[in-house]
Each structure stands twice: as structure tokens, then as C-alpha cells.
Amino acid sequence: SKDLFTTNYSTRLFYPTEINTYFYENIISKISNELNVFKETLQGKKNQLNKRENFITQVKVNQIVPLGLICSGEQGLVTGNNSKYIAAIIKNEEKKKKIAKKFVSKFNEITNKNLTIYTFLSNPDLYFSEAEEIKKQKNNPSIFGKFFNYKFAKHDKIKSFSKLTIKEKKTGTNQTSWIFYHRGNSKGLKWYVPYIDALAWDKSSVKELREGKLTNSRWQGEKHFNSTGFGWVDYFTDQLKSFYVEEGVYSKNIVKMHSDCELISDKVMTCLLNSKLLTFIIKQFITSTHTLQINDGRLIPIKIPNRNIHNKLEKLFDKIFERRINKSETNVSDLENKIDTLVYDLYNIPKTMKEIIENK
């Protein structure tokens with residue numbers, strides 16, 4: 001009937017098949033009141049903050065809620081001068097020489113000098129400083145490093161943001177230092193995205209990144225630096241790809257979401273988003289395209305798990321995360337299947353409905 005669609009998300013149409021009708025009646029319709037009451041919040045506006053905070057305190061186990069009511073998020077940092085503040089993380093000499101070769105080639109092209117890789121590597125900081133001066137003179141911050149990071153930092157010398165003192169997190173370190181920097185998920189990885197970049201975190205760098213006087217930096221996402229979170233790849237076909245974001249500084253390429261509800265962790269949120277069930281629901285009810293933008297993501301129906309299911313999902317997540325840290329694209333389908341089973345149970349999905357989703 002007409003009412004079936006007018007009460008769906010933004011009156012979106014969906015195929016009224018048996019499985020979709022079941023999901024609508026047992027999942028989607030359960031949050032229709034919240035969709036109306038918190039319409040502006042779910043559009044990303046911030047004029048219902050107190051009302052939302054009060055709602056979160058009343059959320060209960062087994063309640064279905066829109067993702068955007070229990071999770072908040074913000075886009076991350078814009079450096080305004082990547083090649084000054086970002087370094088490629090290196091674990092071997094081969095990668096360092098490869099970066100050096102590109103830098104030397106560009107440097108000689110611009111300066112008409114005959115710098116050698118050996119000379120450059122004997123004192124790279126000297127040439128990094130000279131490159132910065134050239135950028136200032138030509139008023140072109142991207143003249144070096146537009147398509148690559150010409151600075152590099154050894155992996156074992158980079159600090160974790162979580163290990164810094166409270167003061168260092170806010171104002172930077174006294175000495176030159178680098179921290180792990182989550183710059184995005186350009187490869188479309190699921191669960192875990194390896195760090196390939198480091199961010200300068202000495203006091204002068206942090207001061208400029210905050211103030212943006214010398215470059216067009218934008219200090220964004222700070223309230224989420226001290227928390228874990230999750231994100232997802234905007235473009236997807238068969239499966240939504242969600243990934244976990246550890247505590248730390250992250251870039252504008254990520255909208256880092258964080259659970260504000262103590263009943264569900266960021267690890268479990270990542271598990272739910274990576275389940276076959278939620279991908280199916282998103283495809284049928286939220287977006288008919290191959291993209292999931294942040295405002296649509298806020299509409300995803302999240303069911304709050306009991307402590308037993310919550311703990312099982314977290315343990316499975318930890319196993320997947322451990323495997324992916326060691327090898328970012330290792331097969332974890334055995335653990336994903338267990339997560340799918342738990343998510344079906346959480347949402348009370350009948351066996352016949354599971355079979356339809358699995359076959360798709």
C-alpha cells in the first residue's frame with residue numbers, strides 16, 4: 001500500500017517482496033518515530049544536541065536505533081601542505097631510496113642543480129628545508145610532493161598518539177617527532193587500514209596546523225582524536241566495507257564515527273556494518289546506488305546487542321584485527337561467517353530469510 005512507502009526513509013521506494021516486507025515491519029518501522037523526531041540530527045545538524053544526549057541515556061539492550069543517534073562523527077585534518085607535515089613510513093632502505101630518487105629528480109628539475117641521491121640521503125633535512133624555501137618563493141605549496149610524500153620516517157621512530165602525554169596531544173612534543181597518521185582508505189580495505197604515513201607533531205608544526213597562518217590548514221576532528229572510531233568506504237557493490245580507526249589524528253579523507261552509547265563499542269559497530277544483513281538492508285531500504293554517504297549512513301538501523309553477543313562480536317573482531325595487522329589482506333572469511341551468524345541472531349532473522357541473503 002501507499003503507507004508502506006510514505007513511512008519508509010524519506011518516502012524511499014523499495015520492492016515489497018516477502019523478505020523486504022518482513023524487514024520493514026520488524027526493523028525499519030521500529031525507528032520511524034526517531035526518524036521524525038530527530039530528522040535534523042540525522043541530517044547532520046547540531047541543534048538537537050541536548051535532546052540527543054538524553055535519548056542516548058535511555059537506550060536499552062535489544063532496542064533498534066538509527067546509527068546517527070548513538071554515533072557522532074567529523075571529518076579530519078587538512079594540513080594545507082602535505083609535503084611539509086607528512087612523511088612516508090619506511091621499513092627498509094629500498095623504499096627510502098625510491099622516495100629519494102623521485103625527490104632528487106624533481107629538485108634538479110626545478111633548481112637546475114645536480115644533486116645526487118647519495119648527497120641527498122647524507123643530509124635529507126637540509127634539502128627538505130631548501131624545498132620549503134623554494135615553495136615559499138614560488139608561492140606554490142604543491143610544487144614538491146604533490147603526488148608523493150618526499151619526507152620519510154622510520155617505522156620504529158614513530159610514536160603512537162595514545163602514548164603521548166595529555167599536553168603533548170594538545171600542543172605537540174618539544175623535539176622533532178612523528179606520529180602515526182590515518183590518511184584514509186584509498187585501497188578500499190575492510191576491517192583494518194595499515195598506516196603508511198606519519199604526521200609531524202613537534203610544537204611548531206602543531207601550532208601552525210591549528211592556526212593555519214602559513215598554509216591553508218584546517219584543524220578538524222580534534223574531539224575524536226582521543227577516541228577510537230570506525231568509517232566505511234563510500235563506494236560499494238556487493239558488500240559494505242567498514243574499517244576500525246584507532247585513537248589518533250586522522251585526515252579529511254575520513255569521516256570518523258564514534259559510538260557515544262556505552263552499550264555498544266566501535267569494534268561491535270564495525271562488525272555490524274560488515275555483516276551481510278546490514279549490507280542487504282542498506283541496499284534495499286537506504287540507497288539504491290553504489291555509494292553510502294554520511295547522511296544515509298546515519299539512517300542504518302542498529303540493534304543494541306546483549307552483553308553475551310556484544311562480547312562474542314568483540315572477540316571475533318580482535319581476532320580479525322590481529323590477522324589483518326600482520327597481513328592487511330589475509331583471508332578472514334571464517335571469522336566473518338561467525339559474525340554474520342551472530343548478527344542474524346541479534347536481529348532475530350528467520351532461517352528462510354538468512355538463506356535468501358546468503359544466496360544473494
Side-chain angles (χ1 to χ4, degrees), residues 44 67 71-91 95 99 102 141-142 144-153 155 158-162 178-201 205-206 209 212 215-237 239-259 266-267 269-270 273-274 289-298 320-321 324-325 327-330:
L67 180 149
C71 300
S72 58
E74 189 177 5
Q75 201 172 31
L77 179 72
V78 177
T79 69
N81 188 348
N82 283 348
S83 54
K84 178 178 181 181
Y85 297 110
I86 300 176
I89 298 174
I90 59 168
K91 296 182 179 180
K95 183 174 181 180
I99 294 171
K102 291 179 72 174
S142 63
F144 282 98
K146 184 175 183 180
F147 300 109
F148 74 102
N149 293 338
Y150 61 72
K151 290 187 176 179
F152 44 80
H155 187 273
I158 303 169
K159 298 181 178 180
S160 295
F161 187 81
S162 60
W178 298 92
I179 61 168
F180 289 106
Y181 182 49
H182 206 312
R183 203 174 171 196
N185 189 5
S186 60
K187 291 185 177 180
L189 299 175
K190 192 176 175 183
W191 298 106
Y192 171 72
V193 182
Y195 291 106
I196 60 173
D197 297 304
L199 183 69
W201 204 252
S205 295
V206 173
L209 288 170
T215 57
N216 296 319
S217 62
R218 293 200 304 274
W219 187 257
Q220 301 173 156
E222 183 177 18
K223 68 179 181 180
H224 294 292
F225 291 172
N226 291 300
S227 67
T228 60
F230 60 92
W232 61 79
V233 181
D234 289 349
Y235 181 86
F236 74 107
T237 52
Q239 181 73 50
L240 182 67
K241 294 179 179 179
S242 180
F243 54 94
Y244 186 71
V245 184
E246 296 172 292
E247 177 184 347
V249 185
Y250 61 103
S251 84
K252 67 176 178 62
N253 298 323
I254 300 174
V255 177
K256 180 180 179 181
M257 301 296 290
H258 168 68
S259 172
D266 292 324
K267 292 181 178 181
M269 286 297 305
T270 307
L273 292 176
N274 278 333
T289 69
H290 290 310
T291 59
L292 182 69
Q293 302 296 336
I294 183 63
N295 280 352
D296 285 337
R298 291 190 179 99
I320 289 175
F321 203 69
R324 285 285 165 95
I325 285 177
K327 190 176 181 181
S328 62
E329 298 187 52
T330 190

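All figures in this text were calculated on a predicted structure; none of them were measured in a lab.
Partners of Asp266 by side-chain contact (heavy atoms from CB on, under 4.5 Å), not counting sequence neighbours, listed by chain and number: Thr228, Phe230, Tyr244, His258, Ser259. With sequence neighbours excluded, the residues satisfying ring pair (Phe, Tyr, Trp, His ring centres under 6.0 Å) with Tyr195 are Phe180, His182.
Side chain of Ser242 to backbone of Gly231: a donor-acceptor contact under 3.5 angstrom is found. Judged purely by atom type and a 3.5 angstrom limit, Asn185 uses its side chain to pair as donor or acceptor with the backbone of Leu189. In this structure a side-chain-to-backbone donor-acceptor pair under 3.5 Å is present from Lys256 to His224.
Residues Tyr192 and Pro194 meet the side-chain proximity criterion, which asks for heavy atoms closer than 4.5 Å. At a threshold of 4.5 Å between non-hydrogen side-chain atoms, the residues Thr330 and Arg324 count as touching. Side-chain atoms of Ile320 and Asn274, non-hydrogen and from C-beta on, never get closer than 4.5 Å to each other. Looking at heavy atoms from C-beta onward, Trp232 lies in side-chain contact with Met257 at the 4.5 angstrom threshold. Counting heavy atoms from C-beta outward, Gln293 and Asp234 have side chains that approach closer than 4.5 Å. Side-chain contact check for Thr79 versus Leu199: some heavy-atom pair is nearer than 4.5 Å. Between Phe161 and Trp201 the shortest side-chain heavy-atom distance falls below 4.5 Å.
One finds the NE2 atom of His155 at 11.5 Å from the CD1 atom of Ile90 (value rounded to the nearest 0.5 Å). Note that CZ of Phe225 and CD1 of Ile179 are 8.0 Å apart. Values are rounded to the nearest 0.5 Å. Atom-to-atom distance recorded for Leu209:CG and Asn81:CG is 9.5 Å, nearest 0.5 angstrom. Separating the CD1 atom in Ile99 from the OH atom in Tyr150 is a distance of 12.5 Å, to the nearest 0.5 Å. We find the NZ-OG1 distance between Lys241 and Thr270 to be 15.5 Å, quoted to the nearest 0.5 Å. Interatomic distance, CG of Leu292 versus CG of Leu240, reported as 6.0 Å (0.5 Å rounding).
Heavy-atom minimum distance, Ser205 versus Ala200: OG-CB, 3.6 Å. A pairwise comparison of heavy atoms in Gly221 and Tyr250 identifies CA-OH, 3.5 Å as the closest pair. Annotation for Met269 and Cys71: closest pair CE-SG, 3.9 Å, computed over non-hydrogen atoms. Val233 and Gly188 get closest at one heavy-atom pair: CG2-CA, 3.9 Å.
More than 12 heavy-atom neighbours from other residues, nucleotides or ligands sit within 6.0 angstrom of CD on Glu222.
Legend: salt bridge (Lys or Arg N to Asp or Glu O under 4.0 Å) pairs involving residues 185-197, not counting sequence neighbours, sorted by first then second residue: Arg183-Asp197, Lys190-Glu336.
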